[in-house]
Amino acid sequence: MDFSPDMMKRAAQQLWHQLENRRSSMLMIEAAKPALQPVSHFADPERGLVWFICSRDSALVSAFKDVATARLNFVSNSEDYFASLSGEIEIADDPEQLDHFWSYAADAWFEQGRNDPSVVLLKMTPQKATAWVAQGQQLLVAPKSMCIQFGVEPVKSSQRSNTR
């Protein structure tokens with residue numbers, strides 16, 4: 001099944017909307033142990049980025065030096081929207097962006113608050129995502145599933161199956 005550019009654009013908009021409405025997700029950096037960890041994310045649809053405030057001492061951050069490949073897995077509050085994004089992740093030296101996302105919740109995780117030397121901002125640049133929409137008790141993998149590729153032409157979906 002071919003997805004039109006308009007359908008791909010709407011799917012990407014829906015993905016960003018879902019990411020903005022819930023900040024809880026699971027982040028995986030392959031070199032990290034454990035590889036998959038719960039995080040709070042900050043969606044930045046205008047720039048096509050996802051941000052994370054982490055501790056420099058965490059397994060996620062200490063698993064890489066410059067740039068790594070990451071996967072972000074997400075489930076909506078209503079558990080009817082699922083997404084998996086993949087792309088590059090890096091440590092971002094961006095105090096202005098860190099200030100933008102800083103909150104009382106973030107402050108509680110660091111002894112010295114915003115100025116704690118272990119505070120680090122991570123920036124993920126998603127390159128593609130797969131999203132699934134659940135309706136009723138069925139999870140329709142396709143055609144209700146779409147591979148969203150950021151900055152490239154729409155992709156074809158040849159999968160067509162139902163799972164319960």
Side-chain angles (χ1 to χ4, degrees), residues 11-141 144-150 163-164:
Q13 288 170 339
Q14 182 183 34
L15 172 64
W16 287 113
H17 174 76
Q18 291 288 341
L19 289 170
E20 287 179 301
N21 284 332
R22 180 175 182 157
R23 295 197 194 263
S24 301
S25 54
M26 297 290 286
L27 180 63
M28 182 182 90
I29 298 175
E30 290 183 22
K33 301 290 181 216
L36 190 64
Q37 297 181 36
V39 292
S40 293
H41 65 264
F42 301 92
D44 186 353
E46 291 79 27
R47 294 194 282 173
L49 301 171
V50 183
W51 301 87
F52 311 89
I53 298 172
C54 295
S55 171
R56 194 172 302 280
D57 304 325
S58 71
L60 284 173
V61 177
S62 59
F64 69 97
K65 292 186 185 209
D66 297 317
V67 178
T69 300
R71 177 172 304 277
L72 181 69
N73 294 323
F74 171 82
V75 178
S76 68
N77 284 331
S78 55
E79 297 180 352
D80 63 354
Y81 186 91
F82 306 82
S84 182
L85 294 79
S86 61
E88 291 185 342
I89 194 163
E90 62 188 301
I91 295 172
D93 183 19
D94 192 337
E96 189 175 302
Q97 201 62 39
L98 180 58
D99 288 341
H100 175 72
F101 295 123
W102 196 259
S103 67
Y104 289 114
D107 204 64
W109 285 96
F110 298 93
E111 283 185 32
Q112 298 173 36
R114 164 65 182 84
N115 297 317
D116 195 302
S118 66
V119 172
V120 67
L121 184 65
L122 300 181
K123 174 178 72 172
M124 180 180 180
T125 306
Q127 293 159 334
K128 72 178 182 178
T130 303
W132 298 266
V133 179
Q135 294 177 335
Q137 293 187 7
Q138 289 186 342
L139 176 62
L140 301 175
V141 177
K144 299 286 185 179
S145 147
M146 181 173 291
C147 182
I148 302 162
Q149 294 197 349
F150 301 92
T163 58
R164 291 182 191 252

### Task
State the CE-CG distance between Met26 and Asn73, to the nearest 0.5 angstrom.
8.0 Å
#### Entry: CZ-CH2 distance between Phe82 and Trp132, expressed to the nearest 0.5 angstrom
9.5 Å
### Task
For the residue pair Arg71 and Ser84, confirm or rule out a side-chain donor-acceptor distance under 3.5 Å.
yes
### Message
Minimum heavy-atom separation for Arg56 and Pro117, please, with both atom names.
### Response
NE-O, 3.5 Å
### Message
To the closest 0.5 Å, what do you measure between CG (Asn77) and CD (Glu79)?
### Response
9.0 Å
### Query
Just one of Asp93, Asp57, Ile53, Val61 clears the side chain to side chain contact (heavy atoms under 4.5 Å, CB included) bar with Val120, so which one?
Val61
### Summary
Closest heavy-atom pair, Ser76 versus Gln18, reported as atoms and distance to 0.1 Å, is CB-OE1, 3.2 Å
### Nearest-0.5 Å distance that lies between atom CD in Gln97 and atom CG in Leu49
8.0 Å
### Message
For a quick test of reading the model, state the closest non-hydrogen atom pair linking Leu72 to Leu19 and the distance between them.
### Response
CD2-CD2, 4.4 Å
### Query
Measuring from Thr69:OG1 to Gln127:CD, what's the distance to the nearest 0.5 Å?
7.5 Å
### Message
Within the structure provided, determine whether Trp16 and Val50 are in side-chain contact (heavy-atom separation under 4.5 Å).
### Response
yes
### Query
Is the closest side-chain heavy-atom distance between Arg114 and Pro95 below 4.5 Å?
yes
### Closest contact, heavy atoms only, Gln37 versus Ala32
NE2-CB, 4.4 Å
### Query
What's the spacing between Trp109 CH2 and Cys54 SG if we round to 0.5 Å?
11.0 Å
### Message
Angle between ring planes, Phe52 versus His41, binned at 30° and 60°: parallel, tilted or perpendicular?
### Response
perpendicular
### Task
Check Ser118 against Phe110 and note the closest heavy-atom contact, atom names and distance.
OG-CD2, 3.5 Å
### Message
Does Glu30, at its CD atom, have more than 12 non-hydrogen atoms belonging to other residues, nucleotides or ligands within less than 6.0 Å?
### Response
no
### Query
Taking C-beta and beyond as the side chain, do Gln112 and Val119 meet within less than 4.5 Å on heavy atoms?
no
### Message
Over 60° means perpendicular and under 30° means parallel, so tell me whether Phe74 and Tyr81 are parallel, tilted or perpendicular.
### Response
perpendicular
### Message
For Leu122 and Val39: C-alpha separation, side-chain torsions, deciding distance, then whether side-chain contact (heavy atoms from CB on, under 4.5 Å) applies.
### Response
CA-CA 11 Å; Leu122 300 181; Val39 292; over 6 Å; no
### Summary
Scanning both residues in full, the closest heavy-atom pair of Lys123 with Ala92 reads CB-CB, 4.0 Å
